[in-house]
Amino acid sequence: DGGITQSPKYLFRKEGQNVTLSCEQNLNHDAMYWYRQDPGQGLRLIYYSQIVNDFQKGDIAEGYSVSREKKESFPLTVTSAQKNPTAFYLCASSIGRGHEETQYFGPGTRLLVL
Amino acid sequence: LAKTTQPISMDSYEGQEVNITCSHNNIATNDYITWYQQFPSQGPRFIIQGYKTKVTNEVASLFIPADRKSSTLSLPRVSLSDTAVYYCLVGHDRGSTLGRLYFGRGTQLTVWP
(Lines give C-alpha, C1' and ligand atoms only; values in the text may rest on other atoms or scores of the structure.)
Protein backbone atom coordinates (compact mmCIF):
# COMPACT_ATOMS: atom_id res chain seq x y z
CA ASP A 1 0.00 0.00 0.00
CA GLY A 2 1.86 3.12 -1.23
CA GLY A 3 1.91 6.40 0.62
CA ILE A 4 3.59 8.69 3.09
CA THR A 5 3.89 7.93 6.76
CA GLN A 6 4.77 10.30 9.56
CA SER A 7 5.61 9.45 13.12
CA PRO A 8 4.85 10.02 15.83
CA LYS A 9 1.32 11.38 15.60
CA TYR A 10 1.89 13.48 18.73
CA LEU A 11 5.23 14.64 20.09
CA PHE A 12 6.07 16.53 23.24
CA ARG A 13 9.16 18.64 23.57
CA LYS A 14 10.77 20.01 26.68
CA GLU A 15 12.47 23.38 26.73
CA GLY A 16 15.95 23.24 25.19
CA GLN A 17 15.40 19.81 23.67
CA ASN A 18 15.88 18.80 20.06
CA VAL A 19 13.25 16.48 18.60
CA THR A 20 13.10 14.65 15.29
CA LEU A 21 10.00 14.03 13.22
CA SER A 22 10.01 11.09 10.87
CA CYS A 23 8.74 11.08 7.28
CA GLU A 24 8.89 8.04 5.01
CA GLN A 25 7.47 7.50 1.53
CA ASN A 26 7.31 4.44 -0.71
CA LEU A 27 6.01 6.27 -3.78
CA ASN A 28 9.47 6.42 -5.36
CA HIS A 29 9.20 10.22 -5.42
CA ASP A 30 12.33 12.32 -5.83
CA ALA A 31 11.05 15.47 -4.11
CA MET A 32 10.05 15.79 -0.46
CA TYR A 33 8.84 18.72 1.60
CA TRP A 34 8.22 19.81 5.18
CA TYR A 35 5.47 22.29 6.06
CA ARG A 36 4.35 23.88 9.28
CA GLN A 37 0.70 24.74 9.94
CA ASP A 38 -0.48 26.95 12.78
CA PRO A 39 -4.14 27.06 13.88
CA GLY A 40 -6.38 28.72 11.31
CA GLN A 41 -3.48 29.30 8.95
CA GLY A 42 -2.25 27.86 5.70
CA LEU A 43 0.89 25.77 5.27
CA ARG A 44 4.33 27.36 5.35
CA LEU A 45 7.32 25.67 3.74
CA ILE A 46 10.22 24.81 6.06
CA TYR A 47 12.59 22.77 3.87
CA TYR A 48 12.40 20.87 0.62
CA SER A 49 14.57 18.36 -1.18
CA GLN A 50 14.65 17.64 -4.89
CA ILE A 51 17.03 14.72 -4.72
CA VAL A 52 19.00 12.60 -2.28
CA ASN A 53 21.77 14.45 -0.43
CA ASP A 54 20.40 17.82 -1.45
CA PHE A 55 17.91 20.13 0.27
CA GLN A 56 16.93 23.78 0.26
CA LYS A 57 15.58 26.20 2.83
CA GLY A 58 11.98 27.21 2.53
CA ASP A 59 10.35 30.30 3.97
CA ILE A 60 10.74 29.50 7.67
CA ALA A 61 13.85 27.31 7.99
CA GLU A 62 15.32 28.99 11.09
CA GLY A 63 15.39 26.62 14.05
CA TYR A 64 14.94 23.52 11.90
CA SER A 65 17.29 21.08 10.20
CA VAL A 66 16.81 18.20 7.76
CA SER A 67 18.75 15.40 6.09
CA ARG A 68 18.13 13.39 2.92
CA GLU A 69 20.38 10.37 3.04
CA LYS A 70 17.83 8.05 1.44
CA LYS A 71 15.27 8.68 -1.26
CA GLU A 72 12.40 7.44 0.87
CA SER A 73 13.25 9.32 4.07
CA PHE A 74 13.32 13.04 4.97
CA PRO A 75 13.48 13.56 8.77
CA LEU A 76 12.97 16.99 10.29
CA THR A 77 14.72 18.06 13.49
CA VAL A 78 13.18 20.84 15.52
CA THR A 79 16.09 22.35 17.40
CA SER A 80 16.14 24.29 20.65
CA ALA A 81 16.70 27.41 18.53
CA GLN A 82 13.07 27.21 17.37
CA LYS A 83 11.39 29.28 20.08
CA ASN A 84 7.80 28.62 19.09
CA PRO A 85 7.67 25.03 17.84
CA THR A 86 4.09 24.19 18.79
CA ALA A 87 2.37 23.46 15.47
CA PHE A 88 1.11 20.78 13.10
CA TYR A 89 3.90 19.49 10.87
CA LEU A 90 3.17 18.02 7.47
CA CYS A 91 5.47 16.10 5.17
CA ALA A 92 4.78 15.77 1.45
CA SER A 93 6.36 14.24 -1.61
CA SER A 94 6.08 14.61 -5.36
CA ILE A 95 7.63 13.20 -8.49
CA GLY A 96 9.75 16.35 -8.73
CA ARG A 97 9.79 16.92 -12.43
CA GLY A 98 7.57 19.88 -13.12
CA HIS A 99 5.29 22.63 -11.97
CA GLU A 100 2.13 20.74 -12.78
CA GLU A 101 2.87 17.92 -10.42
CA THR A 102 0.78 16.92 -7.42
CA GLN A 103 2.07 16.78 -3.86
CA TYR A 104 1.00 13.92 -1.64
CA PHE A 105 0.79 14.60 2.06
CA GLY A 106 1.31 12.48 5.14
CA PRO A 107 -1.08 12.43 8.12
CA GLY A 108 0.96 14.98 10.08
CA THR A 109 2.67 15.22 13.47
CA ARG A 110 1.40 17.54 16.16
CA LEU A 111 4.24 18.97 18.25
CA LEU A 112 3.54 20.38 21.69
CA VAL A 113 5.91 22.07 24.10
CA LEU A 114 5.81 21.04 27.75
CA LEU B 1 4.88 34.06 -7.68
CA ALA B 2 1.19 34.39 -8.29
CA LYS B 3 -0.71 35.25 -5.13
CA THR B 4 -4.20 33.92 -4.70
CA THR B 5 -7.24 35.43 -3.03
CA GLN B 6 -10.21 33.34 -1.96
CA PRO B 7 -13.06 33.82 0.53
CA ILE B 8 -12.22 33.00 4.14
CA SER B 9 -15.40 31.02 4.65
CA MET B 10 -18.55 29.76 2.95
CA ASP B 11 -21.69 28.01 4.14
CA SER B 12 -23.95 25.65 2.25
CA TYR B 13 -26.62 23.02 2.81
CA GLU B 14 -26.55 19.38 1.90
CA GLY B 15 -27.43 18.67 -1.71
CA GLN B 16 -26.54 22.11 -2.99
CA GLU B 17 -23.84 22.96 -5.52
CA VAL B 18 -20.97 25.00 -4.08
CA ASN B 19 -18.75 27.27 -6.12
CA ILE B 20 -15.55 28.66 -4.61
CA THR B 21 -13.81 31.34 -6.63
CA CYS B 22 -10.11 32.12 -6.47
CA SER B 23 -8.43 35.22 -7.90
CA HIS B 24 -4.89 35.01 -9.24
CA ASN B 25 -4.28 38.18 -11.24
CA ASN B 26 -0.53 37.65 -11.62
CA ILE B 27 -0.66 34.12 -12.95
CA ALA B 28 2.21 33.31 -15.31
CA THR B 29 1.96 31.67 -18.69
CA ASN B 30 3.16 28.28 -17.53
CA ASP B 31 1.42 28.22 -14.14
CA TYR B 32 -1.16 25.57 -13.33
CA ILE B 33 -4.07 25.99 -10.92
CA THR B 34 -4.46 23.33 -8.27
CA TRP B 35 -7.03 22.82 -5.54
CA TYR B 36 -6.51 20.86 -2.33
CA GLN B 37 -8.92 19.82 0.43
CA GLN B 38 -7.93 19.56 4.09
CA PHE B 39 -9.87 18.05 6.99
CA PRO B 40 -8.94 18.94 10.59
CA SER B 41 -5.70 17.32 11.77
CA GLN B 42 -5.06 15.73 8.39
CA GLY B 43 -2.77 16.50 5.48
CA PRO B 44 -4.20 18.27 2.41
CA ARG B 45 -5.54 16.07 -0.35
CA PHE B 46 -5.35 16.87 -4.06
CA ILE B 47 -8.77 17.53 -5.62
CA ILE B 48 -8.25 18.84 -9.12
CA GLN B 49 -5.82 20.68 -11.36
CA GLY B 50 -6.20 22.64 -14.57
CA TYR B 51 -4.54 25.02 -16.97
CA LYS B 52 -7.42 26.48 -18.97
CA THR B 53 -11.13 26.04 -19.80
CA LYS B 54 -12.80 23.27 -17.83
CA VAL B 55 -11.61 20.18 -16.05
CA THR B 56 -13.89 17.62 -14.45
CA ASN B 57 -13.21 14.54 -12.38
CA GLU B 58 -15.28 12.32 -10.12
CA VAL B 59 -15.06 14.80 -7.25
CA ALA B 60 -15.27 18.31 -8.70
CA SER B 61 -15.11 20.60 -11.69
CA LEU B 62 -12.69 23.45 -12.27
CA PHE B 63 -13.64 26.38 -14.47
CA ILE B 64 -10.92 28.68 -15.78
CA PRO B 65 -11.80 31.68 -17.98
CA ALA B 66 -9.72 32.62 -21.00
CA ASP B 67 -7.67 35.27 -19.17
CA ARG B 68 -6.85 32.74 -16.39
CA LYS B 69 -6.93 35.47 -13.75
CA SER B 70 -9.45 33.54 -11.69
CA SER B 71 -10.77 30.03 -11.31
CA THR B 72 -13.83 28.42 -9.76
CA LEU B 73 -13.97 25.12 -7.97
CA SER B 74 -17.42 23.57 -8.26
CA LEU B 75 -18.57 20.84 -5.87
CA PRO B 76 -21.85 19.24 -6.98
CA ARG B 77 -24.43 18.22 -4.39
CA VAL B 78 -22.30 18.64 -1.29
CA SER B 79 -22.71 16.49 1.80
CA LEU B 80 -21.72 16.99 5.43
CA SER B 81 -18.44 15.20 4.73
CA ASP B 82 -17.41 17.97 2.34
CA THR B 83 -16.96 20.31 5.30
CA ALA B 84 -13.26 21.17 5.06
CA VAL B 85 -10.76 23.86 4.12
CA TYR B 86 -10.18 24.27 0.39
CA TYR B 87 -6.94 25.73 -0.91
CA CYS B 88 -6.34 27.29 -4.32
CA LEU B 89 -2.70 27.22 -5.41
CA VAL B 90 -1.01 28.76 -8.37
CA GLY B 91 2.55 28.99 -9.44
CA HIS B 92 5.87 27.36 -9.01
CA ASP B 93 9.43 28.28 -8.20
CA ARG B 94 10.64 29.96 -11.36
CA GLY B 95 14.04 28.80 -12.44
CA SER B 96 13.49 25.47 -10.77
CA THR B 97 11.92 22.30 -12.00
CA LEU B 98 10.45 21.72 -8.56
CA GLY B 99 6.71 22.10 -8.21
CA ARG B 100 6.89 24.29 -5.13
CA LEU B 101 3.43 25.25 -3.87
CA TYR B 102 2.28 28.18 -1.78
CA PHE B 103 -0.69 27.69 0.51
CA GLY B 104 -2.79 30.63 1.67
CA ARG B 105 -5.40 30.43 4.44
CA GLY B 106 -7.87 28.67 2.18
CA THR B 107 -11.67 28.73 2.31
CA GLN B 108 -13.47 27.04 5.20
CA LEU B 109 -16.54 25.39 3.72
CA THR B 110 -19.20 24.37 6.22
CA VAL B 111 -22.05 22.19 5.02
CA TRP B 112 -25.21 22.17 7.14
CA PRO B 113 -27.91 19.48 7.26
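Because only heavy atoms are used, hydrogens play no part in the values below, and waters and symmetry mates are left out as well, while side chains stay in. In what follows, chains are A, B, ... by sequence order, proteins preceding strands, each numbered from 1.
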Problem set entry | Short side-chain donor-acceptor distance under 3.5 Å, S94(A) and Y33(A) | yes

For this session: Nearest 0.5 Å please: distance from the CG atom of D59(A) over to the CZ atom of R44(A).
Result: 9.0 Å

Exercise. Any side-chain donor paired with an acceptor under 3.5 Å for N19(B) and S74(B)?
Worked result: yes

Problem set entry | L11(A) and R13(A), any side-chain heavy atoms less than 4.5 Å apart | no

Exercise. Side chain, backbone, both or neither: which part of Q38(B) has a non-hydrogen atom closer than 4.5 Å to chain A?
Worked result: side chain

For this session: Measure Q37(A) against the heavy atoms of chain B and call it side chain, backbone, both or neither at under 4.5 Å.
Result: side chain

Exercise. Among A92(A), G106(A), P107(A), G108(A), who wins on heavy-atom pairs under 4.5 Å with chain B?
Worked result: P107(A)

Exercise. Between T21(B) and T72(B), do the side chains contain an N or O donor and an N or O acceptor separated by less than 3.5 Å?
Worked result: yes

Exercise. Side chain, backbone, both or neither: which part of L43(A) has an atom under 4.5 Å from a heavy atom of chain B?
Worked result: both

Problem set entry | Contact winner vs chain A - G106(B), S41(B), G104(B), heavy-atom pairs under 4.5 Å | S41(B)

